[in-house]
Amino acid sequence: MWGLRLCYPILAGTMRVKEQRVFGTFGARFCGVALFCSLAAPVSAQPLAPAEDPEKKSSEIRGSSALPWPDKLEPIEYRSPEEGAVLRFNLASQTLFRFDHVEGGNGERRDEYDIDFRRIRIAVQGAFFKDRLRTRLQVNAGVEAGESVELLDAWLEAKIMPYMLLRAGQFITPFTYFRTLSFRIQQLPDWPITTRFFGAERQIGVMLHDGRPTDEDESDNPLSYAIGVFTGQNARASHNVGITEVYGDTPANPSSFRDYQLPDELHPEVFVRLAHHTRDLYDPRQSMDLESLSDVKKGKVRHTLALSAAVDAGPRETLDTSMRLAPEFVLKARGWTLIAIAYLAWYDPVRALSTRLAFYGSMTELAWRANRWWGLAARYAFVGYSRSVRNDARFYAQERLATAEDESTRAELGQQYAEAGLTRAQHEASLGLNVYLIEDNLKLQTDISSLHTYRSDADRNDWRVRTQLQVAF
């Protein structure tokens with residue numbers, strides 16, 4: 001019932017006119033969501049179970065049994081016990097208010113305001129033959145799709161044996177656990193700048209993996225794996241597209257239904273992710289789950305140590321990196337969550353035959369869950385550009401200008417490639433507050449960020465404030 005009552009305000013957000021970027025529209029929609037929640041709560045909410053023992057799962061988060069408020073919003077679900085089939089319908093929406101204080105290249109400063117109804121995600125998941133066969137179809141109708149619906153996930157997965165699953169279709173490549181997690185559970189309103197350059201992104205391919213770690217994981221084996229072969233061509237223009245932007249080009253978005261395209265140039269890209277997970281040192285029933293970045297359990301020490309690698313057999317110049325590497329560490333303990341990732345990426349230059357370093361970077365995120373209702377999060381991320389890739393981008397831009405057919409084309413290209421190779425590094429530091437009205441299903445996030453860009457001409461220091469309402473079930 002919660003999902004049905006929240007459908008209307010979410011879908012209303014999709015009917016956005018480009019000129020409607022005023023606070024009144026945002027306020028009306030926010031109030032609509034709050035009104036539906038308040039009307040639905042007395043009808044659908046169930047009293048919580050009696051308080052558990054302090055050492056039991058989620059005891060510090062759930063609080064008093066007298067609180068008439070749900071723990072979470074369940075998806076719309078259809079079950080057929082006789083046939084062992086389950087169908088789930090999910091919906092998620094984010095409404096973002098953003099303020100930017102931007103420094104221009106000529107020293108000018110300006111303030112920018114924006115309101116977006118973004119990430120309108122609709123998904124259908126199926127499990128058949130007693131969970132031996134799974135499928136997922138997800139589309140995005142948000143503004144970030146360029147005012148066009150786009151295909152996100154379309155895959156089929158078979159369970160060969162326990163901890164051995166074979167998945168085929170379009171889905172996120174297994175490059176770092178952090179990036180393959182759902183956007184719903186992020187501790188800040190959006191992904192860090194590092195995923196723009198290192199990924200992972202959705203591609204078409206096949207993957208063999210063990211499906212771990214999860215909250216229901218009962219295996220004593222601490223090792224986990226994921227191995228996949230993909231087309232090498234991104235299905236979307238959101239992540240792992242930094243190499244294209246450095247050269248001054250615009251990444252393609254082949255998953256948009258407006259002009260949907262299958263991969264036109266196949267060059268296999270192999271992904272390998274190996275990991276070691278530990279359980280709670282004092283309570284083996286508490287596994288290291290990554291289904292939520294917030295440490296709702298408030299258990300003792302658990303961690304995941306992983307290494308992700310990707311190698312492209314035939315990367316395209318200015319479009320693909322040839323190799324990526326990312327060691328990753330995730331720690332949870334007593335309400336705290338620490339995530340630390342280091343990145344390296346190599347590329348094939350336009351004017352050289354040997355593979356060279358393109359980018360290096362890191363991301364560190366620390367979050368603290370105070371209680372059921374709120375928590376804090378901090379993040380620092382940076383991306384460094386090698387001298388090689390900056391010089392090659394300038395050479396590529398000069399080459400395009402030199403081969404322009406006429407003055408008009410040369411002027412357009414000059415404007416397009418004016419920024420090519422100028423950026424030396426980007427730094428992002430953010431501090432955020434999360435208010436959990438119903439865990440990650442209904443939460444309000446606010447953060448403030450310092451964005452520093454080192455450039456060859458003049459450095460830039462920008463500030464950003466974001467407030468986001470998320471509704472998901």
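For clarity, every value in this text was computed on a predicted model and none was experimentally measured.
Cation-pi contact between Arg351 and Phe395: present, with separation from the ring centre below 6.0 Å and deviation from the ring axis of at most 45°. Judged by the 6.0 Å and 45° rule, Arg369 forms a cation-pi pair with Tyr436. Geometrically, Arg167 engages Phe171 in a cation-pi contact, judged by NZ or CZ lying under 6.0 Å from the ring centre and within 45° of the ring axis.
Between the side chains of Gln445 and Gln470, no donor-acceptor pair of N or O atoms lies under 3.5 Å. Looking at Asp153 and Gln138, their side chains do bring a donor and an acceptor atom within 3.5 Å of each other. If you check the side chains of Asp320 and Tyr347, you find no donor sitting under 3.5 Å from an acceptor. For the residue pair Thr409 / Asp406, a side-chain donor-acceptor distance below 3.5 Å is found, with atom types taken as modelled. Looking at Gln468 and Arg118, their side chains do bring a donor and an acceptor atom within 3.5 Å of each other. Between the side chains of Gln426 and Tyr385, at least one donor N or O lies within less than 3.5 Å of an accepting N or O. When only modelled atom types and interatomic distance are considered, Asn90 and Gln125 share a side-chain donor-acceptor pair under 3.5 Å.
When the salt bridge (Lys or Arg N to Asp or Glu O under 4.0 Å) test is applied to Asp249, no partner is found at least two apart in sequence or on another chain. Residues passing the salt bridge (Lys or Arg N to Asp or Glu O under 4.0 Å) test with Arg356: none are found, sequence neighbours excluded. Evaluation of the side chain to side chain contact (heavy atoms under 4.5 Å, CB included) rule for Glu112 yields Asp100, Val102, Arg110 as partners, not counting sequence neighbours. Taking Ser430 as the reference, Ser449 meet the side chain to side chain donor-acceptor pair (under 3.5 Å) condition, with sequence neighbours excluded.
A donor-acceptor contact shorter than 3.5 Å links the side chain of Ser182 to the backbone of Arg184.
Across all their heavy atoms, Ser456 and Arg394 have their closest contact at OG-NH1, 4.2 Å. For the residue pair Ala381 and Thr194, the shortest heavy atom distance occurs at CB-CG2, 4.1 Å.
Screening Arg121, Arg119, Arg236 against Glu150 for a salt bridge (charged side-chain N to carboxylate O under 4.0 Å, His left out) leaves a single residue, Arg236. Of the listed residues (Thr467, Asp447, Leu469), just one forms a side chain to side chain contact (heavy atoms under 4.5 Å, CB included) with Pro189, and that residue is Asp447.
Here the CZ atom belonging to Arg390 is positioned 9.5 Å from the OG1 atom belonging to Thr423, to the nearest 0.5 angstrom. Distance OH/Tyr360 to CG/Leu344: 10.5 Å, rounded to 0.5 Å. Put simply, OG1 on Thr231 and CG on Leu266 are 6.5 Å apart, with the number rounded to the nearest 0.5 Å. Atom-to-atom distance recorded for Thr176:OG1 and Leu325:CG is 11.5 Å, nearest 0.5 angstrom. Atom-to-atom distance recorded for Leu451:CG and Glu428:CD is 6.0 Å, nearest 0.5 angstrom. A distance of 7.5 Å separates OG1 of Thr195 from CG of Asp190, quoted to the nearest 0.5 Å.
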Evaluation steps, ring pair (Phe, Tyr, Trp, His ring centres under 6.0 Å), between Phe175 and Phe198
CA-CA 9 Å; Phe175 190 76; Phe198 303 99; 7.9 Å; no

For a side-chain hydrogen bond (donor to acceptor under 3.5 Å, both in side chains) check, start with the C-alpha distance between His267 and Asp312, then their side-chain angles and the critical distance, and finish with the verdict.
CA-CA 7 Å; His267 44 101; Asp312 196 323; 2.8 Å; yes

When you look at Gln170 and Arg202, which way does the side-chain hydrogen bond (donor to acceptor under 3.5 Å, both in side chains) test go after all the steps?
CA-CA 6 Å; Gln170 178 173 303; Arg202 290 170 170 85; over 6 Å; no

Salt bridge (charged side-chain N to carboxylate O under 4.0 Å, His left out) between Glu419 and Arg455: does it pass, once the steps are laid out?
CA-CA 10 Å; Glu419 301 285 317; Arg455 294 166 56 93; 2.7 Å; yes

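Between Asp440 and Lys443, at least one side-chain N (NZ, or NE/NH1/NH2) sits under 4.0 Å from a carboxylate O, which counts as a salt bridge. Ion pairing between Arg109 and Glu103 holds under the 4.0 Å rule for side-chain N and carboxylate O. Between Glu328 and Arg273, none of the side-chain N atoms (NZ, or NE/NH1/NH2) sits under 4.0 Å from a carboxylate O, so this pair counts as no salt bridge. A salt bridge is defined here as a Lys NZ or Arg NE, NH1 or NH2 lying under 4.0 Å from an Asp or Glu carboxylate O, and Arg196 with Glu201 fails to meet this definition.
Under the 4.5 Å side-chain criterion, counting only non-hydrogen atoms from C-beta, Gln186 is in contact with Arg379.
Taking the six-membered ring for Trp, Phe359 and Phe382 have ring centres at least 6.0 Å apart. For Phe329 and Tyr177, the ring centers are positioned 6.0 Å apart or more. Side-chain rings of Trp191 and Phe178 approach one another, their centers coming within less than 6.0 Å.
Annotation: side chain to side chain donor-acceptor pair (under 3.5 Å) contacts involving residues 334-345, sequence neighbours excluded, are absent. Legend: ring-ring contact (aromatic ring centres under 6.0 Å, His included) pairs involving residues 447-466, not counting sequence neighbours, sorted by first then second residue: His427-Tyr454, His452-Tyr454.
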